[in-house]
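Not measured: the values here are computed from a predicted model. The basis for the numbers below is simple: all heavy atoms, side chains too, and nothing from hydrogens, waters or symmetry mates.
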Amino acid sequence: MNFLAYVIALAAGSANPVQAGANAELNKGLGSPIWSALVVYASGLAGVFLIQIIVRQARPELRLAATLPWWVWTGGALSIASTLSGLTLAQKMGSGLFTGITLTASVVTSILLDQFGVMGFKPHPASGLRMAGAGFLIAGIWMVAKS
């Protein structure tokens, strides 16, 4: 894995609490999590269209869509839970606690997905070190919540 991949991953991770804050402020201003989510997804779709105009990636073969497993189509729907929770909970909980909980849940879920090699991930055993890392995250969340 090259250095740029790590930089991009760090930037994406840094964007998560900023996005949650922006979305929560939008929700506060509009007074509606559903309408705020619609604005968030519309602006995201507009951004993806803009990127497509710039990079001009070829359209995939639509016949390939029929060969994909059912669960590949759930990503957008699953992101709704993340977006709505950020819209409604991030400012109430605080950025540190909200981001810490969502990050910890992501890491624990990732360890499970890796352990069983599901959803296209290569199997990566849930070693004691990985489990300890997840435990430290849980302990860290407790410390952030108590402070």
Notebook entry, point to check: Which salt bridge (charged side-chain N to carboxylate O under 4.0 Å, His left out) pairs, counting each pair once, include a residue from residues 34-56, with sequence neighbours left out?
Noted result: none
Next item on the list: Write down the atom of Ala24, the atom of Gly86, and the distance for their closest heavy-atom approach.
Entry: CB-O, 3.7 Å
Note to self: Filter on salt bridge (charged side-chain N to carboxylate O under 4.0 Å, His left out), then keep only pairs touching residues 5-32, sequence neighbours left out; what's left?
What the structure shows: Glu25-Lys28
Which atom pairs, donor and acceptor, lie under 3.5 Å between side-chain atoms of residues 32-46 and protein residues at least two apart or in another chain?
| residue | atom | partner | partner atom | Å |
| --- | --- | --- | --- | --- |
| Ser32 | OG | Trp35 | N | 3.2 |
| Ser36 | OG | Ser32 | O | 2.8 |
| Tyr41 | OH | Ser79 | O | 2.9 |
| Tyr41 | OH | Ser79 | OG | 2.7 |
| Tyr41 | OH | Ile80 | N | 3.3 |
| Tyr41 | OH | Thr83 | OG1 | 2.8 |
| Ser43 | OG | Val39 | O | 3.2 |
| Ser43 | OG | Val40 | O | 2.9 |

Note to self: I need the Leu10 CG to Ser14 OG distance, nearest 0.5 Å.
What the structure shows: 6.5 Å
Show which side-chain atoms of residues 62-77 pair as donor or acceptor with protein atoms under 3.5 Å away, not counting sequence neighbours.
| residue | atom | partner | partner atom | Å |
| --- | --- | --- | --- | --- |
| Thr67 | OG1 | Leu64 | O | 2.6 |
| Thr74 | OG1 | Trp71 | O | 2.7 |

Check: Quick one: salt bridge (charged side-chain N to carboxylate O under 4.0 Å, His left out) pairs with a partner in residues 65-87, sequence neighbours left out?
Finding: none
Under 3.5 Å, which donor-acceptor pairs do the side chains of residues 105-118 form with other protein atoms, sequence neighbours left out?
| residue | atom | partner | partner atom | Å |
| --- | --- | --- | --- | --- |
| Ser106 | OG | Thr102 | O | 2.9 |
| Thr109 | OG1 | Ala105 | O | 2.8 |
| Ser110 | OG | Ser106 | O | 2.7 |
| Asp114 | OD2 | Arg130 | NH2 | 2.9 |
| Gln115 | OE1 | Ala126 | N | 2.5 |

Next item on the list: Check for a donor-acceptor pair, side chain of Asn27 on one end and backbone N or O of Leu87 on the other, with a separation under 3.5 Å.
Entry: yes
Notebook entry, point to check: Taking ILVMFWY side chains as joined if any heavy atoms are under 4.5 angstrom apart, and letting links pass through other members, which residues group with Met93?
Noted result: Leu89, Leu97, Phe98, Ile101, Ile141, Val144
Distance-only donor-acceptor pairs under 3.5 Å for side chains of residues 48-55, two or more places apart:
| residue | atom | partner | partner atom | Å |
| --- | --- | --- | --- | --- |
| Gln52 | OE1 | Gln57 | N | 3.3 |
| Gln52 | NE2 | Gln57 | O | 2.7 |

Margin query: The criterion is side chain to side chain donor-acceptor pair (under 3.5 Å); which residues satisfy it with Asn16, sequence neighbours excluded?
Written below: none
Margin query: Show every salt bridge (charged side-chain N to carboxylate O under 4.0 Å, His left out) that has at least one partner inside residues 4-19, sequence neighbours left out.
Written below: none
Margin query: Can you list, by chain and residue number, the hydrophobic cluster partners of Leu129 when the side-chain cut-off is 4.5 Å?
Written below: none
